[in-house]
Amino acid sequence: MPAWLAAPPTVAFALAAGVVVAACLDAAVGDVVAHRVPRWSSVVRPWRQAAVVALQRRTSSERPDRQAWALAPALLLGLAAVMLTVVPLAPGVAVADVPHGIVLYGAAAATVLIPAFLQGWSPNSALAMIGGYRMFAQGLSSMIPFALVLIAAALPAQSLAVGEIVASQQGLWNVVRTPLGLPVYLATVPALAFWGPLATPAGRDLAGGIDLEAAGAQLLTWRVAQAGVLVGMSAVGASVFLGGWAGPLLPGPVWVVLKTVALLAALVAMSHLVARVRIERFVVLAWVGLLPLALLDVFLTGWWLL
Amino acid sequence: MVVAVSTSWVVDMAFAVFGMAAVLTGYRVFRTDSMVRASFWLLASFVNVGLILVLLNARFLGFSVVLMMAGEMSVMAIFMVMLMMNPAGLNPMTMVHQHRTSLAAGLLAFLALASVGVLVDFPDDPARVEPATVTAELGAEELGDSMLVFQTAGATLLATMIGSIAVTSRRGRYGDAEQGSVPPPLRPEADPADGEGAA
Amino acid sequence: MTLETVLVVAAALVGVGVYGALSQQSFVMIMMGIELIINGALLAGVGLWAYSTGGSPKGQMLGVVILTVMAVEAALGFAVMTNIYRVRKADITEKTKRLRG
Amino acid sequence: MEALRLDRRLRIVDSPRHATVLLVAGALPATLHRPVALVHDALAHPRATVWWGDGEPDLDWLRDCPRAGGDGDVAATVGAVHGDLMLGRRASDLPVLTATTRTPWEGVGPYGHGGSGMTGGTPHGRPLAERADDLRDGLALDVLPLTVGPFFPAFPAGLALRVSLQGDVITEVEMLADPFLADSADPPRRTHTFDRARTDAVGLAELERARVSHHLRALSRSLRTQGLGALATRVLGAAVAERPPTDAVRRLLVTVERTGLGRAGAGVGILTEASVVGRGLGLLARASGAAQDARDDDPAYAGLAFQPITQVAGDARARLLQRIAEIRQSLSLAERAGDRVRQPGPALEDPRVGATAVSELLGDLLVGAEWGDAVTTIVSLDLAMGRRPPAAVGAEAA
């Protein structure tokens, strides 16, 4: 089969598997935190919920922007797929082992703001719209530190290709070499994926915010796409900071999957154990704290290389 | 030597689609009644131009345009909703004035530039670079021969940041910026403070 | 895809930008027109780099400079607009006809 | 009502759009008839309604709904209705409200924008937003008038506010309806311990355990608002348990503190000491620094070395810390109380704060706050245990 024919099903499979793992992890960690007896139903529950949502009919609000509302989940799902294409499973084995993979990933991550805003804005509903604004506030503040730590991770590889970045970590993983990188990355990912302590756009104080008016297939696609973005960000994070396919005994692709799941588990645990951050406080934190830290990360990496 | 820009029909088709989409979405920016939609149409136009840049093998520039514009259009949408009289385009409205003149000017500009593009005989010297080395060359250029230009761009951005913060700052040299401000009158000769502004 | 077609698309973008910048009343919409003009310039610049300079990195450098111009234009545009709004409570050009204050 | 959150068969959602079954609990006062109909019509198809209560519902469209009796297994009834709906054995509910008349606007004016001039008319009867004076940074922006409640998920049931928002900063706030005692409905048949303590002799340990349970419920609501649903469920489980092990509760409190729950309330919704003195606000007053506690003068507490705890800041964070500290205090009091019995007579320190007293302060508390902070503030006040509005009392007695 030619490579370009195999690419879409591969990405779709990776996305689907990742989303299922994320949903089951979320249900299981939720049960552990709630001190409930773990049952098989934890693993079945996400499926049942998805089925119920899928059976619902779509609702409409008063004079919504229908095209934009329909476009938002599709766009987000597409961005999640783009993120997964740049992840290399083994040397030279990625769906898109492009020479500018990390820039492509950065562009996709930055564009997540747009569907998230559209999802809140298009139903023409006040609380959902406020959710959209919050997305802009936290997304714009965290985008620059997010991009800077990726650049710092690319410096030792002297390449923007994700495969090269992984290859350059064979001796020493970036999590050790650029120690500020992963913490800043993990602090900005929740903001861009509107997840956990920074799920403020879909916060309970807005009765669901950007999700408020959505129902049925639209909502299901939206939730799947959001989980997909989270999986994509974990997978790239595992490649860029945790050495991707590098690891003893097990074959490379298994290590990529294991490291991705580890980052995903950290993000899921964060969502159950860390309280929501005030949006104003986060914006200050991002500009005054994360941005200088990310710059320091770039300078330290450069200095270490000289 | 590899000719950088591929000449396959797939690229031609893609270019035709992206090119038409870029222009059409650019036009939609000014024909929509919603501020937010306008900024996202503009973003769509930029994304299409970015994709054409990728086809032209300037991938770094292409992806950067998307990266930058996603942020900039978000800011623009916020400004739209914040300052416009029609927040979020919840109510339909029109913003166009001097429509015919502008249309004529736009057409004139297009025809003049297009004829320059078609009629002038530019040197036929296609780029011959491997896709992977394009960005490396750009980097070497930025920190080599064109370092002065690059540094100037950086200094300009710094000056812009300081300047725009100074301009928007509430506290100025002569007190608060909005001190003594009054709503503008509707008639040009009316006194701003006589209350007609609200009429 | 040839140099001519790329330049025609770029010219069309500039034309649409000129139309927008002249026909709109809102400051932000006028800025969008200007952004489209710069966008056309970027496309033309990169097209010329790809087809008629033999791939000299200086051509791409021009692209980087144009991106900078875009950022500067946006930042200053927003800054001036915010200030006009603060002082005059105006967001469309016709309200600022008397610039004397 | 709240105990339903613990039932694994049900999932309670925040938005009516995500729900399949609407559960109407108890009789509704007339003022809530239209809001509940609006909520009903917002549910996505297929949808159904279950009425939970004794006697006859007072709304016409509720009469034909499936019912769960006052003592019945509500979750099972809801589950059965839900299953029937999903399998197509049950038709979806029709809307209750008929189409409301709207101002016609379409096709009017040269651009179909509703009239002449740049902005046209008032589509859907909604005028263009007006600017209001700014509170924060000197940029006067358009305001968005909004009515929130009486069924807003983060608010105590029944609380309705009319707010004007500028961006997401509140410029005006007006209380339309008080919260009522929705949360005291369980266990439905038993008089609340604190109501009993006003007239009868009650064991001190039992009284303090009831206080712990009350504060744990409030804590659970705070956790849920801050996005920690799983932990909130665990805290709620401890609150409704008959005699939760003291050590487990103490460990749970440490876990709650580690989430950084207080951060969201730092500097938010500050009640000054001057504004709370003498209003009978109990815990809220102590969080603002006023050392008033009726237990101080109660002979039943003599010899237990009771000392009122206070905080200084008076913000939402201080109220949270105060709540956690008082849970610890009450746990320790309950352990040491032994067989002591409190006789009725002296003033009772009731953790249920009067909503009327706070409602006067609400304007000062919320104006100028961001929406998220305003919700944090309201949740931290724990208004759910307020007084019964007269209308609700009448309806519930009927």
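Naming: A, B, ... by sequence-line order, numbering from 1 per chain.
Every residue meeting the ring pair (Phe, Tyr, Trp, His ring centres under 6.0 Å) condition with Phe194(A), not counting sequence neighbours, appears here in chain and number order: Trp222(A). Residues satisfying the side-chain hydrogen bond (donor to acceptor under 3.5 Å, both in side chains) criterion with Gln226(A), sequence neighbours excluded, are absent altogether. Residues passing the side-chain hydrogen bond (donor to acceptor under 3.5 Å, both in side chains) test with Asp297(A), sequence neighbours excluded: none.
Glu280(A) approaches Glu370(D) most closely through the heavy-atom pair OE1-OE2, 3.1 Å. In terms of heavy atoms, Gly372(D) sits closest to Arg276(A) at O-NH2, 4.2 Å. Among all heavy-atom pairs drawn from Trp371(D) and Leu206(A), the shortest one is CD1-CD2, 3.2 Å. For the residue pair Ala275(A) and Leu261(D), the shortest heavy atom distance occurs at CB-CA, 3.6 Å.
Interface check for chain D: of the options Asp211(A), Val29(A), Ile279(A), the most heavy-atom pairs under 4.5 Å are formed by Asp211(A).
Heavy-atom distances place no part of Thr200(A) under 4.5 Å from chain D, backbone and side chain included. Heavy atoms of Val256(D) lying under 4.5 Å from chain A are absent altogether. Contact annotation for Val277(A): only side-chain heavy atoms (C-beta onward) come within less than 4.5 Å of a heavy atom of chain D.
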>> Run Arg258(D) and Leu273(A) through side chain to side chain contact (heavy atoms under 4.5 Å, CB included) and show every step you take.
In response: CA-CA 8 Å; Arg258(D) 281 205 193 121; Leu273(A) 290 173; over 6 Å; no

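More than 12 heavy-atom neighbours from other residues, nucleotides or ligands sit within 6.0 angstrom of CZ on Arg250(D).
Put simply, CZ on Arg204(A) and CD on Gln226(D) are 10.5 Å apart, with the number rounded to the nearest 0.5 Å.
Inspection of non-hydrogen atoms places Asp373(D), Val375(D), Thr376(D) of residues 373-380 of chain D under 4.5 Å from chain A.
Within the 3.5 Å criterion, the main-chain N or O of Arg263(D) finds no donor-acceptor partner in the side chain of Arg278(A).
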